Amino acid sequence: MLRSKKVIAQFLSILMLTTTTAGVLSANAGQKLMSASFENGYDDFSARSTESITRTNDIAFDGDYSLLVSDRTAEWNGPVAPLGASYTSGESYGISCAVYQKSGAPVDMQISLQYNNGTDTTYAHIAATAVPSGEWTILSNPAYQIPAGATDRYIYVETASDLCDFYVDNIVVEMPSVYRMGDVNHDEAIDRKDVQALTEFLMGGDADVELDTADMNGDGKLNAVDLSLLKELFLYPELTRTTTTTTTTTTTTTTTTVTRNNDDWPELHPGDKWYNTADVSWIPAGKKVVAIAFDDGPCPGGENYGMRIQQALNKQGFHATFFYWGERIAGHENEILSAEKSGHEVANHTWNHPDNLHTSDPSTVLYQYTSVKDKLNQILGVKRDYLVRLPYLNWSQTIANTLPVPFPNCGINTEDYNPGHTAGQTVGTIQSAAQSGRLEGQVVLMHEVYDATATAMEQLCPWLEQNGYVCATVSEMFKYYGKDMVAGKKYDSIYS
């Protein structure tokens, strides 16, 4: 029997990267509404069709039992359970499960939601990733928002295209929680107890260790490296440690950056050189670098396109810049935390996306910027300014004279916002630019609020890597090529 080393893991918790902001928990944060371990039965899960769903003790992620899904005739065949009256449409929940397959090759798997939108039966992906053969893998979304108005809701596990057998264990749905990285035992403090718990666990003891906040370098494993980083955090709490793990098919590279946590961001003014703190040591020399940047997130209707885009980038070890629309942030803080943790660049797309900002007075311009800046700083527990992409790319001299930041603009426009625009059109635009030599060094305009854009990125990321490109943040791209940005100026590329 294959058994995992027991980890009392709430993979659903939001990952806080600050060492100075205390975790803020709602009254029912972390409350489990579903916890299907299959130790004593099927926990309300059954087959979606004619496939076989069987409890087995042949293999388990935790405990003794899991579900084996076999005799599948369609990708959507898998274990399904209803979401009853305990779940409120329009609200967010942490959702995760452990999956295992032994087909001999990676298989794309996902947790999905079936629901009625008032007219039709609709399907949405909650979390998806490529699952290696022979390894337990976690599918997790720390705060998935059930679409408002959804009825007849069912959660299920499926594959994207493969019909292989697979195992499922520890399906959990809970109220989202906020804990700081390093708070190993989730007691809202980082102290000797955390160091002792992680030490005991690594020595084979039965310590309660929460993987989401103990995995200090984000590589999905617990080892001596995490213990070393935790000790440093405990001894030097004035430092914030951010780690990016880059994985390709042949290598795994971990890049760790340590920066001061709060008060060292300089006061910038229009015309000043941008304070570019980007770390580009993870980008190999000689690569062609492009900055793909996404506007209008987080998704306003409960969709998961932004997280799908992050996952596609993360799978290739790529980074991107996400310009967040301030009014849409509430309830989606986890997406911003996830972007920061994964090495992406969090940026500013104004508070309510006005169509006339270029004709507004300085006080209105400043309000549109600082409202988002303050919200992002609160979420991330930092004090800094953020790059701005202006709504509709409407730059003006008043804006340039008011805001202390550069404005990444649009070197290549995918036009993914046009009605009926397909993933294939976006892919074609990027591939054509790459093949003609026009892609390198450009700022690419995309939007995270479209399913077609997420699908395009899932196709583009491996293609770009295979063709010698690296996707980086705007700041990383400029740093990599040795180019400065100036507050008040707009930039279509490193050349202009």
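None of the values given here were measured: they were computed from a predicted structure.
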K.L.:
For D361 and T364, does a side-chain donor sit closer than 3.5 Å to a side-chain acceptor?
P.N.:
yes

K.L.:
Of all the heavy-atom pairs spanning P408 and V443, show the shortest one and how long it is.
P.N.:
CB-CG1, 4.4 Å

K.L.:
Output all residues satisfying salt bridge (Lys or Arg N to Asp or Glu O under 4.0 Å) with D194, sequence neighbours left out; order by chain, then residue number.
P.N.:
none

K.L.:
Who are the side-chain contact (heavy atoms from CB on, under 4.5 Å) partners of N356, not counting sequence neighbours?
P.N.:
P354, T359, S360

K.L.:
Under 3.5 Å, is there a donor on one side chain and an acceptor on the other for H319 and T473?
P.N.:
no

K.L.:
What residues form a ring pair (Phe, Tyr, Trp, His ring centres under 6.0 Å) with W274, not counting sequence neighbours?
P.N.:
W265

K.L.:
Could you check if a side-chain atom of Y305 sits within less than 4.5 angstrom of a side-chain atom of E448, using non-hydrogen atoms only?
P.N.:
no

K.L.:
How long is the gap from CG on L387 to CE on M485, to the nearest 0.5 Å?
P.N.:
5.0 Å

K.L.:
For the residue pair Q310 / S338, report whether a side-chain donor-acceptor contact shorter than 3.5 Å exists.
P.N.:
yes

K.L.:
With sequence neighbours excluded, what pairs up with F322 under the ring pair (Phe, Tyr, Trp, His ring centres under 6.0 Å) test?
P.N.:
F294, H344

K.L.:
Using the test salt bridge (Lys or Arg N to Asp or Glu O under 4.0 Å), find all partners of K490 that sit at least two apart in sequence or belong to another chain.
P.N.:
none

K.L.:
Would you say K273 has more than 12 foreign heavy atoms packed within less than 6.0 Å of its NZ?
P.N.:
no

K.L.:
Please report the interatomic distance OH(Y324) to OG1(T350), rounded to the nearest 0.5 Å.
P.N.:
15.0 Å

K.L.:
Report the residues that fulfil side-chain hydrogen bond (donor to acceptor under 3.5 Å, both in side chains) with N348, sequence neighbours left out, ordered by chain and then residue number.
P.N.:
none

K.L.:
Can you name the side-chain contact (heavy atoms from CB on, under 4.5 Å) partners of D108, sequence neighbours left out?
P.N.:
A130, A160, K315

K.L.:
Is there a side chain to side chain contact (heavy atoms under 4.5 Å, CB included) between T414 and L445? Walk through the geometry before answering.
P.N.:
CA-CA 6 Å; T414 63; L445 175 64; 5.6 Å; no

K.L.:
Distance alone, cut at 3.5 Å: any donor-acceptor contact between the side chains of D374 and Q378?
P.N.:
no

K.L.:
Ring pair (Phe, Tyr, Trp, His ring centres under 6.0 Å): which pairs involve residues 421-473, sequence neighbours left out?
P.N.:
Y417-H447

K.L.:
Under the salt bridge (charged side-chain N to carboxylate O under 4.0 Å, His left out) rule, what pairs show up with a residue in residues 466-489, not counting sequence neighbours?
P.N.:
none

K.L.:
Are a donor atom and an acceptor atom from the side chains of Q110 and E158 found within less than 3.5 Å of each other?
P.N.:
yes

K.L.:
If we only count heavy atoms from C-beta on, is the L139 to I95 side-chain gap below 4.5 Å?
P.N.:
no

K.L.:
For Y491 together with F478, are the ring centres under 6.0 Å from each other?
P.N.:
yes

K.L.:
Which residues pass the ring pair (Phe, Tyr, Trp, His ring centres under 6.0 Å) test with Y481, sequence neighbours left out?
P.N.:
none

K.L.:
List in chain and number order the residues that pass salt bridge (Lys or Arg N to Asp or Glu O under 4.0 Å) with R308, two or more places apart in sequence or in another chain; answer none if no residue qualifies.
P.N.:
D451, E458

K.L.:
Does the side chain to side chain contact (heavy atoms under 4.5 Å, CB included) test come out yes or no for W325 and V372, once each step is laid out?
P.N.:
CA-CA 8 Å; W325 181 329; V372 182; over 6 Å; no

K.L.:
Would you say that more than 12 heavy atoms from the other residues, nucleotides or ligands in this model lie under 6.0 Å from the CD of Q397, or not?
P.N.:
yes

K.L.:
Would you please say whether a donor-acceptor pair under 3.5 Å links the side chains of T321 and E345?
P.N.:
yes

K.L.:
E335 and side chain to side chain contact (heavy atoms under 4.5 Å, CB included): which single residue from R328, M307, E340 fits?
P.N.:
M307

K.L.:
Can you spot which of L313, V290, L460 makes a side chain to side chain contact (heavy atoms under 4.5 Å, CB included) with F318?
P.N.:
L313

K.L.:
For Q311 and N314, test the side chains for any donor-to-acceptor distance below 3.5 angstrom and give the result as yes or no.
P.N.:
no

K.L.:
Heavy atoms only: give me the nearest N377-R384 pair and the separation to one decimal.
P.N.:
ND2-O, 3.2 Å

K.L.:
Judged by modelled atom types alone, do T122 and N117 share a side-chain donor-acceptor pair under 3.5 Å?
P.N.:
yes

K.L.:
Applying salt bridge (Lys or Arg N to Asp or Glu O under 4.0 Å) between R389 and each of D492, D296, D295, report the one that passes.
P.N.:
D295

K.L.:
Can you sort out the partners of Y123 under ring pair (Phe, Tyr, Trp, His ring centres under 6.0 Å), two or more places apart, ordered by chain and number?
P.N.:
none

